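Owing to the predicted nature of the structure, the values given are computational and were not obtained by experimental measurement. As a basis for the values below, the full set of heavy atoms in this structure was taken, side chains included, without hydrogen atoms, waters or symmetry mates.
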Amino acid sequence: MLLRLLNTVLRRLLAGFLTLWVILTITFVLIRVLPGGPFQNPKVPESVQQALAAKYHLDAPVWVQYGAYMQGLLQGDLGPSLTAENRRVNDLVAESTGYSVQIGIPAMLLGSLLGVALGALAGLTRLSWLDAVLSVVGTASLAMPSFVFAGGLVLVFALGLQWLPAATVQTPGHYILPVVALSLSPFAFCFALIRNTVRENRLQPFVRVKQAAGLPPLHIALRHVLRNSLLPLLSILGPLTAAIVTGSFAVEYIFAVPGLGKHFINAVGNRDYTVVMGITVLYSVVLIVLNLLTDLLMGWLDPRLREGR
């Protein structure tokens, strides 16, 4: 058993390293294919631009730059920022990750818990009007872009009612709107998945057997229907958590949160190659690790998956 588990982990880690290499290679090429460069500015003399390019070895062939970057990456060095003076990408990513985690984890907890609760209620209720109302809420959450929802929150609660601050994260009150805006995505996905899974499990033979045995309806709903409906949720929690915790670009930009999302947008606009690569490395590693943990957890909870593997 232990040998099989170790073999599975090693195979997934090998696949993860290969995936990470492919992602970084594609990103390295694509960011340099974009027109412009970090030092191309009509107000800056050509000689100065060439000197800056030579300083950061951007005048070398792309394959030489690629080899040098990968060598530094293997040593844990993400390189210097090309646009932020005297800043290392390692320090920039470390500082930004804290802000993204501070709004990402509460948003993930709020959205997923609320989505599971309302999704289970919609799937278990026999009141057609309640199911219809909750379904409209869930569908609207899936269809609404996060930046539209964030803008609406600012318009209503910050500018209209003036209950909450509109931007930055100076006090605990500044975190409320970004967290709520960022929780929209996990809420929508969790609600839709749990509602549909619960409605399917309600019709399964094992539920009818429990009903025939005389078990209380609440016990059947919570212990058997809902419990079996939570397993598919694990398959999306890994990628969803990685995307939220490592920074939602639009939400962080709207609320002026100095997290990974805001720095990533600025880095792409300024063609700061090393910052783009550094954030890509972090996001890819988090996604691969969470997918590995999710796969192992699902295999542990569901014997059918473990036997099939």
For Y253, give me all partners under side chain to side chain donor-acceptor pair (under 3.5 Å), at least two apart in sequence or on another chain. none
Listing request: all ring-ring contact (aromatic ring centres under 6.0 Å, His included) pairs with a residue in residues 113-161, at least two apart in sequence or in separate chains. none
Separation of L153 CG from I254 CD1 (nearest 0.5 Å): 9.5 Å
Quick one: OH on Y283 to OG1 on T27, what's the gap to the nearest 0.5 Å? 11.5 Å
Check whether more than 12 heavy atoms from other residues, nucleotides or ligands sit under 6.0 Å from atom OH of Y69, and answer yes or no. yes
Would you please name every residue forming a ring-ring contact (aromatic ring centres under 6.0 Å, His included) with F255, sequence neighbours left out? none
Does Y99 have more than 12 heavy atoms from other residues, nucleotides or ligands lying within 6.0 Å of its OH? no
How would you list all residue pairs meeting ring-ring contact (aromatic ring centres under 6.0 Å, His included) that involve residues 14-34, not counting sequence neighbours? F28-Y66
One should read off an interatomic distance between R12 CZ and I288 CD1, to the nearest 0.5 angstrom, of 9.5 Å
Mind listing the closest non-hydrogen atom pair of A267 and V275 along with its distance? CB-CG1, 3.6 Å
Does N291 use its side chain to pair, donor to acceptor, with the backbone of G16 at less than 3.5 Å? no
Going from CD1 on I31 to OG1 on T274, what distance comes out if it is rounded to the nearest 0.5 angstrom? 10.0 Å
Tell me, with the steps shown, if L233 and C190 meet side-chain contact (heavy atoms from CB on, under 4.5 Å). CA-CA 7 Å; L233 186 63; C190 292; 3.7 Å; yes
Salt bridge (Lys or Arg N to Asp or Glu O under 4.0 Å) pairs touching residues 59-80, sequence neighbours excluded, are D77-R88
T139 meets the side chain to side chain donor-acceptor pair (under 3.5 Å) criterion, sequence neighbours left out, with none
Minimum heavy-atom distance between I194 and G119, given as atom pair plus value: CG2-C, 3.8 Å
Report the residues that fulfil side chain to side chain contact (heavy atoms under 4.5 Å, CB included) with A188, sequence neighbours left out, ordered by chain and then residue number. S141, L142
In this structure, CG of L109 is separated from CG of L114 (nearest 0.5 Å) by 12.0 Å
S185: what forms a side chain to side chain donor-acceptor pair (under 3.5 Å) with it, not counting sequence neighbours? none
So, T83 side chain and D272 main chain: donor-acceptor pair closer than 3.5 Å or not? no
Does L82 offer a backbone N or O that forms a donor-acceptor pair with the side chain of R271 under 3.5 Å? no
Transitive ILVMFWY side-chain link I26 to L18, under 4.5 Å: yes
Hydrophobic cluster membership, L159 vs I176, 4.5 Å side-chain cutoff: yes
Determine, using the 4.5 Å side-chain heavy-atom cutoff (strictly less than), whether V29 and V268 are members of one ILVMFWY cluster. no
L260 to S100 - nearest heavy-atom pair and separation: N-OG, 3.0 Å
Could I get the full list of salt bridge (Lys or Arg N to Asp or Glu O under 4.0 Å) partners for E200, not counting sequence neighbours? none
Going only through I, L, V, M, F, W and Y residues with side-chain contacts under 4.5 Å, is there a path from M70 to I23? no
Rounded to the nearest 0.5 Å, how far does OG of S81 lie from CG of D91? 11.0 Å
Residues G123 and R202: closest non-hydrogen pair is O-NH1, 2.7 Å
Partners of S47 by side chain to side chain donor-acceptor pair (under 3.5 Å), sequence neighbours excluded? none
Nearest heavy-atom neighbours spanning V101 and P106: O-CD, 3.8 Å
Is the side chain of Q65 donor-acceptor paired with the backbone N or O of A60 at a distance under 3.5 Å, no angle test? yes
I'd like to know whether R87 forms a side-chain contact (heavy atoms from CB on, under 4.5 Å) with E95, so could you lay out the CA-CA distance, the side-chain angles of the two residues, the decisive distance to 0.1 Å, and finally the verdict. CA-CA 11 Å; R87 295 298 304 275; E95 295 173 3; 2.9 Å; yes
L134: partners by side chain to side chain contact (heavy atoms under 4.5 Å, CB included), with sequence neighbours left out: L118, L121, A122, L130, F191
Smallest separation among heavy atoms of N201 and S229, with atom names: ND2-OG, 2.7 Å
Can you list the residues that meet the salt bridge (Lys or Arg N to Asp or Glu O under 4.0 Å) rule with R199, with sequence neighbours excluded? D131
Do the side chains of L113 and F187 get nearer than 4.5 Å, heavy atoms only? no
Path from L30 to V281 over hydrophobic side-chain contacts below 4.5 Å: yes
